[in-house]
Amino acid sequence: MATPRNRAGSVRAADLRWRSALAVLDEMRREPGVTRAAVARRLGLSTGSATEITSRLRDLALLAENPAAATSRGRPTSVLTPHPDGPVVIAVDLRQEDWRCAVAPLDGKPDVAEAGTHRSRDPEQVIGTVAQAVGRLHRRYGDRVRAICVAIAATVQHGRVVQSAVLGWDAVDLAALTADPRVPLLIGNDATLAGLAEARQGAAAGAATVLHITVEVGVGGTLVVDGRPMHGATGAGGEFGHLPFGDPRLRCPCGARGCWDLVVDGRAIARRLGEPAPRDPRTYAEQALARTPADPAVRAAVAHAARALAGGLAGLINALDPAVVTLGSLAESLRAAAEPEFTAALADGLMRFRRPNPPPVLAAALGRDGALHGAVVTALDHVLTEEGLAAWAALCSSHSPA
Ligand SMILES: [Zn+2]
């Protein structure tokens, strides 16, 4: 009979085994197609331990091994890939005009399975349509679905949507998006998740402190430190668009005055041109950017928005001290359309000591897929934990013949 002392000892041994298993799975996630020999080298494992761990992970359907192409040097090894019957996550990207659902195995590569355009933005209709798509995927993959993450163009607090100016929603419950209460439903702001993806696997991969800024309708973004977005106390942090970097005479739909949001997007360009506020500021901004080379008045309005963007960005760099800045969507388009004005306003807003060595400001690498990738990253972070692997192992053993 086990004494409390050696029971605790055996728990620790099990934790230790999961820790090395997690490290191997993290390597496969970081570099899909990595060889067992390379993983052993990086983790400082002997060939024997690496073989033992990968064989255990294979038995648990957590990875598959295929012979690697023979090289002239070294022993034969295998390539590690996700198991064809292994765990998956569902990622949903809910945008202003459309939605997508993707499935990703443990290497984090999303495969878009369903997509559609909103026929109306009525929350009940949108959520109902997406819930049906998620339900179909759930039926197809069954118990293999371990987490669902929704990226949404909305402010998220305590894991719930509290407000979306872009979709015209107030507080909305997304609980209908999972039919199975055992499968966790995670919800994140789209710009935050896009920034997370840039920091983990995009333009800023490898940097410890990353500031991501994007413009769609208004400004979104996040600060990612050591691979984690800084959410704040309630999860609603990162609302950079509502810093008072704008015109104090303008009242923002969020309720505050002087928001940065109002001076950098399609609404700002229209106001500058004396045109009525556009119904769809994103499309309006894209059309204005396309007219920029030929029309000096439009170019001046775009340059004005680019300066407002760069000035605010300089303030954020002063405050947050990122190692790398990534610019997503229209933020990068505004810089590209008015690069001299953007660069001058950025330099002008930086504190003097920063000017000789400012952080690089890079174009986001994942484009409009950033939020979807970020949703996959968030869902997999939830699954690839000691508890997540133990739950999967328990499920496997309950399915195998005794
Ligand atoms: Zn605001």
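Both ligands and their constituent atoms are indexed starting at 1 by order of listing.
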Taking distance alone, no hydrogens or angles, what donor-acceptor pairs closer than 3.5 Å link side-chain atoms of residues 222-236 to residues at least two apart or in another chain?
unit_1	atom_1	unit_2	atom_2	d
R228	NH1	D381	OD2	3.4
T234	OG1	Q157	NE2	3.0

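- If you look at the Zn ion (ligand 1), the protein N, O or S atoms less than 2.8 Å from it are H242 ND1, C252 SG, C254 SG, C259 SG.
- Listed for the D261 side chain is no donor-acceptor partner under 3.5 Å among the backbone atoms of G218.
- Atom CD of E52 is surrounded by 12 or fewer heavy atoms from other residues, nucleotides or ligands within 6.0 Å.
- Cation-pi geometry between R56 and W18 is met: under 6.0 angstrom from the ring centre, within 45 degrees of the axis.
- Checked options L106, L62, V89; the residue passing with L384 is L106 (criterion: side-chain contact (heavy atoms from CB on, under 4.5 Å)).
- Taking both residues in full, the closest heavy atoms of W169 and I152 are given as CZ3-CD1, 3.8 Å, listed atom of the first, atom of the second, then distance.
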